[in-house]
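Data block below; observations after.
Atoms within a ligand are numbered from 1 in the order they appear, just like the ligands themselves.
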Amino acid sequence: MTAHSSPARPVLLGQNQYGKAENRVVRITRDGTTHHIKDLNVSVALSGDMDDVHYSGSNANVLPTDTTKNTVFAFAKEHGIESAEQFGIHLARHFVTSQEPIHRARIRIEEYAWERVEGTGADGEEIKHSFVRQGQETRLTQITFDGERWEVVSGLKDLVVLNSTNSEFWGYVKDKYTTLKETHDRILATEVSARWRFGWTDGEQPAPDWNESYEQTKRHMLRAFAETYSLSLQQTLYEMGARIIENRDEIDEVRFSLPNKHHFLVDLEPFGLKNDTADGAVYLAADRPYGLIEATVLRDGSEARIPADLTNL
Ligand SMILES: O=c1[nH]c(=O)c2[nH]c(=O)[nH]c2[nH]1
């Protein structure tokens, strides 16, 4: 890379690149009721004849970073995502061959892998639209003993789950600041943080099988997530908690903190591409801000003892 000096200043521009970083693109493909998911974090870095924009501010050679972002989403819709490598090669070739001033494109992609959550739909069919992100969770526990009584609160965090359909959100309050559109088919995704308190307090009594309890509690929670036809994340949360209380006698209380990981349908109309949920769609996976839905689900007659703020536990 040659550097050019700006006139009358003892200063040189060195290596430079630009582009849109961390485009969080989620592509759902529908094959009947079987859905497939591709979840990528795509960063574009372009370089070439970019001296002028740095030296004088002329944008004549600058393809906007916003355009590079749009290209990522439009390519995901138009060509699909067969593999991260194929997708990256396609993008890099596009930028270098379609824009004369761009001589080099570097596309970095992280891919997040998902596996299916087992569940049975209301129709008795196996659920094929519910996923849990690989890499999975961190298991947690807190033990308190005052010399007499035990309190065991266990749980997990960082368990990312996603339903690519069977989620609606409508009928909510609207005031003059409400712009949200009602939806009858959306992605529902969250990163589960949960704590559950065991009824076991008397050391003289046999303790639960902690490992078995953990595995089964997680399984019931995931199944409830997959099997609930959701009208709100609040409703899904309650079903997840209720399923645990109903199936695990050793647990009296569950508290959840569920961020609503919003997935926005990308508007691809300007590029002549129809992007709707029915036909397999491309979403922007937004990281913030996020809705945060939190609640405790209790066994009837039990006391709520898990603190409201799970970061304190
Ligand atoms: O499941 C949801 N619950 C909400 O309370 C809410 N609010 C919002 O804007 N979207 C959603 N989704």
* To do: Heavy-atom distances under 4.0 Å are what count here, so tell me which part of Leu188 touches ligand 1: side chain, backbone, both or neither.
  => neither
* If you measure from each non-hydrogen atom of Arg186 to ligand 1, which part falls under 4.0 Å: side chain, backbone, both or neither? -> side chain
* **Cation-aromatic face contact Lys174/Tyr172, 6.0 Å, 45 degrees** => yes
* Phe131 six-ring face occupied by Arg116 cation (under 6.0 Å, within 45°) -> no
* Structure fact -> Value for CD1 (Ile251) from CD (Glu246), rounded to nearest 0.5 Å, stands at 13.0 Å
* How many angstroms lie between atom OG of Ser167 and atom CD1 of Ile187, to the nearest 0.5 angstrom? -> 9.5 Å
Ligand-side contact atoms (ligand 1) for residue partner [X], heavy atom cut-off under 4.0 Å:
{"X": "Ser232", "result": "1 (O)"}
{"X": "Leu233", "result": "1 (O), 2 (C)"}
{"X": "Gln234", "result": "1 (O), 2 (C), 3 (N), 4 (C), 5 (O)"}

* Structure fact -> When distances are taken from atom 4 (C) of ligand 1, the protein heavy atom at minimum range is Phe169 CZ, 3.4 Å
* For atom 9 (O) of ligand 1, which protein heavy atom lies nearest, and how many Å away is it? -> Leu180 CD2, 3.5 Å
* To do: Give the cluster check for Tyr290 versus Leu188: same hydrophobic cluster or not, with ILVMFWY residues linked at side-chain heavy-atom distances below 4.5 Å.
  => no
* **Polar side chain donor-acceptor pair, Asp39 to Trp114, under 3.5 angstrom** => yes
